[in-house]
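Step one of this worksheet: look at the structure below.
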Amino acid sequence: MRWGLALGGLALLVVAMFADMLVEPGSRVIGSASGDLASHTLHWRAFGFAELAKGNLALWNPYVFGGAPYFGGLQSALLYPPNLVFLALPLSLAMNWSIALNIWLLGAFMYLWAARRGMTPFAAFVAGALVMFCAPHFLRVQAGLVTNLAAMVWVPLLFLAIDEWLATRRPLWCLLGMLAVAMQILAGQPQYVYYSAIVAAAYSAFRLLESRGDRLAAAGGLLSLHIGGALLAAVQLFAGLQTTAETVRGQALPYAFAASFAFPPENLLTLLVPGFFGDLWHQAYWGRWYFWETCAFIGVVAVALAGYGMAAARPTGKRALLATAAVALVLALGESTPLYRALYDWLPWYDKFRATGKFIFFVSMILVLFAGYGLDRVLRNRTVPTSAVRTWGALSMALLAAGVVVRGVDWVPVYTSVMRTGQTYVEPHDDVALVAASGAFAGNGLLVAGLTLAAAAGLAAWARRTPRAALLLGALAVAEVFVFARMQRPTFDSALVVIAPLREFLARDRGDYRILHVDSHNSGFLTGARDAWGYDPAVARRYAELVSWSEGIEPDLATQYISFHEFHPLLAMLRVKYLVEVKDNVMKITPRPAPLHQVELVGAYQVITSREAILRTLASPAFDPRKEVILEREPQPAPVAAATQGRVAVIRQGSDYLDIEANVVAPSVLLVTDAWTPAWHARPLPGSSATSYEVMPANYALRAVPLGAGKHRLRMEYSPAGFHIGLAVSLLAWAAWIGAGLFLLRRERMRGA
């Protein structure tokens, strides 16, 4: 019953945070209009779940990058169970419920972990509330990083499974850990899956070093958590691995790019003062990188309780927890330590991600756990030691004094030192008043922290005479982070994501073409347009290299980020008919030279195998993609140029396929001006003159199918082997998991009887 009350209390806190957004809010959604929700996630959810509602699990995304993997891009999260709300509710309301549900789940799992570790229900409840609203977690709401929120949810449950397996050796806990890993994979944020595995491995290793039992058996059980979870989620994982191999994430990120967004050492100040370097709503953030990546705030009261918990509590695995927090902190600091370069060079997959600052979440989670232990000690002992009260009081005075000093010093040198790092997104300026305001804001934050800690010290002193005052200490800790989170909870009108004039223009000018929206590459999801670029790492590597080269960027440095300036004539080969720009709320649409069609019959070809030679040929004024195609091996049959090659048309298409009909006069190459990956295949349809077809790369990044003379009806389909193999593995794994669970439950009941 106490568990039910605690979980219900956490739900009430979430409702209090989002009540206005969980009833029909029209088109308003939780998040910032400048965050990923507006530029990415809303579009992906709208497309993927609209297709799923029609019975189609979309594997390919035709709207961005000339086409790109969708399901295998992982962030689609089509199989993540909490995302079923997108099939039941309107898009904006479903997004709000998705955010609220994931936040509650994190608090609930944190509560269960803390409670199973022996904390009193109220202390465990406080730990759950603190992790829900602490900055390393909740600020993902502000940034619109919904898949991040969903992946974080399962970390406490994974740690709970590790602890319980080591304590009881009951295989049921291994099954629970497998479930946590599987859900994290399905949640759609591979970086947190990878980072969680690293931190869980460190924690498991430290716990095994403390263990005195059969370490080999214990290690086997711990290994099963991620192996079993990977098998359960194989349909998503295998598709994701194949997609990674085909996209820009399949190669190492450039070192400077990968090393960006590490946690700056000076931002440890944000443990106590979240806005020391500004925030997004009250004072412009001038610290390094982004506010939501580099703020570690868990509450001044929580830090005080965590310190007391570390000193006074003796939980199981204490040293392992502290060592794990230390490891996570070092990893979060990234390039600030020598370890980062070694991991980038030698640890598999470490060079595929940037933003090591994400490791700070694991530090905050363990600190929150110790804050729960600190409060638990107070509740059990019904008093707070005099030494702790005095320490808190002294620290509160120090914070107040620091606040006064900061408000009085010249802030220009501090501000300038951060600007010199080149890692801030604030434009350097000489506005002395603005710099002074930043210093005053930091000083005010220190004063607030000092006053809050003074209040905590007062409650601790009161608890020495009135034990129930300890409950107020826990309530103050929760209130502090709740108020912080509420102040950082923006909303915006999702209807504004769609540029109405653009949608109206496209409705009037329907046709077989793409646009290049230089400001909002994902807009096509909601307007129906197909864009030549996009905003997501799942861009086919060859396509990214081609487009990057067209903008003067070295192909080996291609990522999903491009600032378009040159607009190469070969954009016509990618079917770009219009450039779309929005400046000062004014939309500008610039027509481009007549683009190619989606399907063309071409009678001349060259075979070139080198990327550099292909790109040089494409840049030649003599090259005409309407008349000639560049292949990388001899086609069968070889095309023959004729006065007319015949007629070709797309007769039907969906997210993952094109049905094409062609009457070919002379052998030709069917050129499809969509992005190529090795997972595209073609097969004959009834009435075709051929019995098989081969899809090969054309013009480095597009698709080609050699056709002989005659009538052809074929289906070109995106059919990655990773998806089909993964689906079979997942079905078998779930059957085994359910069977094992039923067997183990029955065996435990029989033993109990």
Side-chain angles (χ1 to χ4, degrees), residues 59-60 62 65-69 72 242-243 245-247 250 539-547 549 555 570 573-575 596-618 623-641 645-646 648-650 653 656-662 664 666-685 688-710 712-722:
L59 302 179
W60 185 259
F65 298 126
Q242 179 167 349
T243 293
E246 297 172 349
T247 62
V539 50
R541 184 166 62 251
R542 283 178 174 240
Y543 187 87
E545 291 173 355
L546 175 65
V547 176
W549 164 82
L570 281 178
M573 186 179 75
L574 306 181
R575 302 211 311 275
L596 272 67
H597 297 105
Q598 186 174 16
V599 288
E600 300 268 3
L601 291 177
V602 182
Y605 74 100
Q606 298 183 53
V607 174
I608 305 176
T609 58
S610 154
R611 180 185 69 185
E612 288 69 24
I614 293 173
L615 296 179
R616 281 198 306 271
T617 304
L618 290 174
F623 178 76
D624 184 350
R626 290 175 174 80
K627 298 179 180 179
E628 186 177 21
V629 62
I630 301 173
L631 305 176
E632 296 171 31
R633 60 180 181 273
E634 286 291 337
Q636 296 296 330
V640 176
Q645 301 299 133
V648 63
V650 176
Q653 61 182 307
D656 309 334
Y657 72 91
L658 301 172
D659 285 350
I660 301 169
E661 189 169 270
V664 180
S668 305
V669 170
L670 168 64
L671 174 66
V672 179
T673 54
D674 294 326
W676 173 86
T677 78
W680 278 96
H681 307 281
R683 57 182 173 85
L685 297 175
S688 184
S689 61
T691 58
S692 64
Y693 295 101
E694 179 186 13
V695 180
M696 58 178 64
N699 299 342
Y700 190 65
L702 306 180
R703 306 176 210 153
V705 178
L707 299 179
H712 297 271
R713 298 186 74 248
L714 65 142
R715 168 163 289 193
M716 183 176 287
E717 188 171 20
Y718 182 69
S719 183

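Values below: every heavy atom of this structure, side chains too, minus hydrogens, waters and symmetry copies.
Looking only at distances, no side-chain donor or acceptor of T609 sits under 3.5 Å from a matching main-chain atom of R633. Side-chain atoms of E632 never come within 3.5 Å of backbone atoms of P697 as a donor-acceptor pair (strictly under, hydrogens ignored). No donor-acceptor pair under 3.5 Å is formed between the side chain of S688 and the backbone N or O of H712. Looking only at distances, no side-chain donor or acceptor of R541 sits under 3.5 Å from a matching main-chain atom of G250. Under the 3.5 Å distance criterion, the side-chain polar atoms of R713 are left unmatched by any main-chain donor or acceptor of P684. Using a distance-only test at 3.5 Å, with no hydrogens or angles considered, a donor-acceptor pair links the side chain of N699 to the main chain of I630.
Side-chain contact between V547 and F65 is absent, with no heavy-atom pair separated by less than 4.5 Å. Counting only heavy atoms from C-beta outward, the side chains of R626 and L671 never approach each other to under 4.5 Å.
Residue E612 holds its CD atom at 11.5 Å from CH2 of W549, rounded to the nearest 0.5 Å.
Heavy-atom neighbours of H681 NE2 from other residues, nucleotides or ligands within 6.0 Å: above the threshold of 12.
A side chain to side chain contact (heavy atoms under 4.5 Å, CB included) with Y693 is found for exactly one of L670, I660, L707, namely L707.
Among all heavy-atom pairs drawn from E717 and W680, the shortest one is C-CE3, 3.3 Å. Nearest heavy-atom pair across T673 and H597 is OG1-O, 2.9 Å. The two residues V640 and Q645 have their closest heavy-atom pair at O-NE2, 3.2 Å. Closest of all the heavy-atom pairs between Y718 and A679 is CE1-CB, 3.4 Å.
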